[in-house]
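Step one of this worksheet: look at the structure below.
Per chain, numbering begins at 1; letters A, B, ... match sequence-line order.
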Amino acid sequence: MGLILIHNARLCDPHGDRLNEGSLLVDGATIAAIDPAAPPPDAERIDAAGQIVAPGIIDLGVFKTDKPAFHFGGITRAALMPDTSPVLDEPGLVQHAGRGGKPDFWVHPLAAATRDLAGKDLAEIAMMKAAGARGVATGRHAIADAGVMLRVMRYAAMLDLVVVTHAEDRGLTAGAIATEGETSARLGLPAAPACAEAIAVARDIALARASGARVHFRLVSTAEGFALIRAAKAEGLPVTCGTSPAYLFLNDAAVSDFRTFARLSPPLRSESDRQATIAAVADGTVDVITSSHDPRGPEDKRLPFEDAAPGMAGAETLLALSLNLVREGKLTLPALMRLLAANPARLLGLDAGQLRGGAPADLIFIDPDVPWRVDSRKMAAAAGNTPFDGLPVQGRVRRVMKGGVFY
Amino acid sequence: MTDSSPFPHRHLLGISGLQPHEIRYLLDEAEHWVTLNRAAGRKHDDRLAGLTQINAFFENSTRTLLSFEIAGKRLGADVINMHAAQSSVKKGETLIDTAVTLNAMRADVIVIRHQASGAVQLIADKVDCPVLNAGDGRHEHPTQALLDALTIRTRKGSVHGQIVTICGDILHSRVARSNMLCLTALGAQVRVVAPPTLMPPDVERYKVTPYNDFNAALRDADVVMMLRLQNERMDGAFIPSAREFHALYGLTPERLALAKPDALVMHPGPMNRGVEIVSAVADHPERSAITQQVEMGVAMRMACMDVLTRKARGIAGWA
């Protein structure tokens, strides 16, 4: 691999405050320099034609290594949830999962916090870390037993691994598939009150305080949940949270007509909670926006609502939908890339998600304004289960470089 | 071309989506069948002769299934009952596959009961013939609400202006949901009564008045509709015991005395005698309309099946 000079680019440094017109020199698999004063004459020159050049998206918490969808979405790395079959609760499985996408895509497995994600016995977290795990996750559900969760956190704190947790109280949400409210009442769907989230968040903040562990709430979706996290951050606790475009741009009315593509976990919330999610992104309470990519075919989705599996294919729409936040003035583009790349990298302990000399050359070329329409029948993902089907969106990734190579 | 018939719907999936005049049309149509059913001797009207009616019941039912079967047979349809217990559903076939299979057998009308909310709509979207919802999860049970409205109208002259008190497990009840929609659409004042553990949140959005106190809700009521309390909810999960439920929400003669002197007592059945209702009330010759509800049920279902198959039968004005 030689030298590549990307010029005529609008560079998006997640730690900057604006886009800078300039160039970027790639040497092998790493970024050699930003705006090199004297670019080497033998470097291959790539004209970015004024497109935005940003770090590749790092998606914290996906359920499948779905390379075509990630490639479409400009996602160059993803933290894989342990809810695979078999569950990532053993070093060999973690090592295997970590090799899943190379060379053009890197998977960073999250180790199951408990054996078989059963919420009882600690899994071999230290050995899984040695095998490549970049964090510990409770999976699709919270650990019901606070005693087990405290031990998971203490153990993870010793290893300096982030604990990725699901913020829904198990008792309140047992059997529930929707948020209590007008829609669930009208449709007759078993529902849990939105405070199921705040109860789980409050508990795990208290346990983070007791254990010193870094805790990341993967998907937060309610005003009450964000208020607790805001307060914990003000207190100085190592608590972070994420959300996904579904909670930013949809409310529970999307499940009307029993649309199973809108069956998510946590379930879609009220309009006021949706507004609170946008506010939490704008004020910095939210650290990460994830696709929570979970492609599900008809065998999981063409079922009665309560029998359908939760989850959405989100990788392809992650960037385009998130760009709405920039267009609406909630975030600058560099700030958005902090949520999509720099912050996930920091939480996972990766030297990626940045635009500076020495960082890995994982780059995406973004055309931020090009219009396209989400079409569940024509998606690159393993399945087209998107609740945004038919929505016109703007912005897409034109080129992806992973480790200095264009794919 | 817009459908200008008095009932421009392909299926009957719920009361939701029906206009008051469409509900009244179905009730009017049922009157005719009440008369026919009461006639001594032969009860046949063979307008559905040659049509195949499949009753696909994925959830156990005796009375509703029987009611739909009798309704179909009186109209002359070839009625086939499919019980989930003896179907390939048990072998893991998906609901969509079942729907496609029923459709390929060229059913002319399909009646479905399913334990999941929304399941009937899922099937309706996949078949070419009219689908009647005979109860889906906690969602809707439209023919029950219609027959209840018909019973009230028959006994009271009108649904409009009546104070109807619905008591029991409102949260899990599709009968309550459909009745709240139907009776309010027809102009009744509806009160719903349940302990907070069995009351849906924001129930006021149905334009009904919620009560926890049964006695207060009974005051001046014209109709008292009791719901069945499912056995699995009596074990402490939602209410402490059947005994305590009866103490707070059981309909006794003393409680009934709080309602209007001519108040009507209704129950969709099957009843838990001694739990939500005592025999002295359930069997009261003047006040109880419970057996009349069963009678109206057959007529109401005949009307629904007649109306929904008119387009396929080429009846003028129903293209």
Which distance, rounded to the nearest 0.5 Å, do you find between the CG of B/D125 and the CZ of A/F258?
-> 11.0 Å
Got a second to check how far B/D97's CG is from A/R302's CZ, nearest 0.5 Å?
-> 7.5 Å
Do B/S117 and A/F305 come within less than 4.5 Å of each other through their side chains, counting heavy atoms only?
-> no
Which heavy atom of B/L122 sits nearest a heavy atom of A/L303, and at what distance?
-> CD2-C, 3.3 Å
Could you check which of B/Q121, B/Q115, B/M180 has the highest count of heavy-atom pairs closer than 4.5 Å to chain A?
-> B/Q121
Note: B/D202 and A/G181 closest approach over all heavy atoms is OD2-CA, 4.0 Å
Rounded to the nearest 0.5 Å, how far apart are CG of B/L171 and CD of A/E180?
-> 8.0 Å
Chain A contact via B/H172 - side chain, backbone, both or neither, heavy atoms under 4.5 Å | neither
Identify the two heavy atoms, one from A/R186 and one from B/Y206, that lie closest to each other, and give their separation to 0.1 Å.
-> CA-OH, 3.2 Å
Given that the side chain runs from C-beta out, which part of A/P190 has a heavy atom under 4.5 Å from chain B: side chain, backbone, both or neither?
-> both
So how far is it from B/H114 NE2 to A/E306 CD, rounded to the nearest 0.5 Å?
-> 8.5 Å
Bottom line for B/E140: the part with an atom under 4.5 Å from chain A's heavy atoms is neither
Is there a donor-acceptor pair closer than 3.5 Å between any side-chain N or O of B/R177 and the backbone N or O of A/A185?
-> yes
